[in-house]
Amino acid sequence: MIDARRSVTESVLAFDAACRRIPGGVNSPVRAFRAVGGVPIFVERAHGARFIDVDGNQYIDYVMSWGPLILGHAPPAVVEAIMRAAALGTSYGAPTKAETTLAELVASRLPSIERIRFVSSGTEATMSAVRLARGYTKRDLIIKFAGCYHGHADAFLISAGSGALTNGVPSSPGVPASVAAQTLVLPYNDIDALTSAFAEYPEQIAAVIVEPYVGNMGLVLPKPGFLHALRDLTSTEGAVLIFDEVMTGFRVDHGGVQTREGISPDLTTLGKILGGGLPIGAFGGKAEIMAHLSPEGPVYQAGTLSGNPIATAAGIATLQALDAPGVYDRLENITGRLLDGLSAAFRKHGVAHRAARVGSMFGFFLSEQPVVDLVSAQAADTAQYATLFHALLARGVYFAPSQFEAGFVSLAHDEATIDATLHAVDDALRETCGQPTRS
Ligand code: HOZ
């Protein structure tokens, strides 16, 4: 039963006010609920696995700020670190020892990162990594994969995932044709297409950038051998392999996809968990490549808030908390409980679906067919997803307001939270699908 007491009057008013001044009423498009319809929920506060909206409703959160909050909302160790740092000054525009501490913590977890530079967002990280790869190789072309999202720099808004895909403009107006022409787009999981691209553009491809586990068209995982083939081909062809681990870094393992898969990319981009919920990004990798970065080398990159002391403190506290024994096993188990339960509920109510999970990332497509790339992801039933989304929202469960995003579980999601979610899912499916096909 939908909770009839759940009023969202204040969210409606807040959205109206926002729309008058802010395009679409939001500062990042997916938040606007365009893909699922209705009015976005305005948040007042959050703790652990839950947030409370401006009407006083409580939600179990599986968006978790789109990934950074692996410890849950407002974890005491991180909040205390932020407060300690803020009391000492909010920004200096001069170096601090804490930046080196965070750099060492990253390098000890991702051995491919011999040297690193901190920036303020994932977009800055990927944009800078590509510039560095171009400066290093003295080549211009880059390859990305359809449905991967690497932030909103011009070079990446071509067949992009996430909000671009959700809102139906995967290749954005405003990106000059001459810039778009420098980005070759291939299907994810298609190594033959990659081989052909290198044959067609010999010694012209500076870099291949990939979300090694794609989290921006829903969760799509690599076919066996795909990532290793990527590594081999880029090495042979002299192109820089960039793993965009903004979402997966410290999420699927201490060392991200690269340690899980045993692959050493040339450059890696990071963000999200790295800043413990504060704005941060980073790119790093082989010392030989990073030496081309200004002021050691000629490739320019800079930022007033880069290495910001509060974000750095939050990042250090978060990475240290993730060192507690058994953390990643616990995350994997609790996510397994959620996904097993979701799949069982879908089966019970006769809903065609394809579920995927890795570490504490998950996704499910409402689709019959296996999902391996953008084309198969787009075959999912987005209208059915929207119906389910709202039925769950009414029951206090907040999944991503788009079929084309991953979900995230945190250490604050305990068994009782998952079971409450699954109860809501069963109830929501009973309402939206009618009687179960079997009990
Ligand atoms: N691009 C983010 C999801 N992959 C959404 C960011 C936001 O709306 O906060």
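Ligands are counted one by one from 1 in listed order, and the atoms in each one are counted from 1 as well.
Checked against the 6.0 Å centroid criterion, the rings of Tyr62 and Phe399 qualify as a close aromatic pair.
Ring geometry, Phe364 versus Tyr385: the interplanar angle falls from 30° to 60°, so the pair is classed tilted. Using the six-membered ring where Trp is involved, His73 and Phe51 have ring planes that are perpendicular, over 60° apart on the 30 and 60° scheme.
For a heavy-atom separation below 4.0 Å, the residues in contact with ligand 1 are Ser28, Arg31, Trp66, Tyr149, Ser162, Asn216, Glu405.
Side chain to side chain, Thr387 and Gln384 fail the donor-acceptor criterion of an N or O pair below 3.5 Å.
Checked options Phe156, Phe243, Phe145, Phe283; the residue passing with His150 is Phe156 (criterion: ring-ring contact (aromatic ring centres under 6.0 Å, His included)).
Judged by distance alone, with hydrogens and angles left aside, the side-chain atoms of Ser343 form no donor-acceptor pair with the main-chain N or O of Asp340 at under 3.5 Å.
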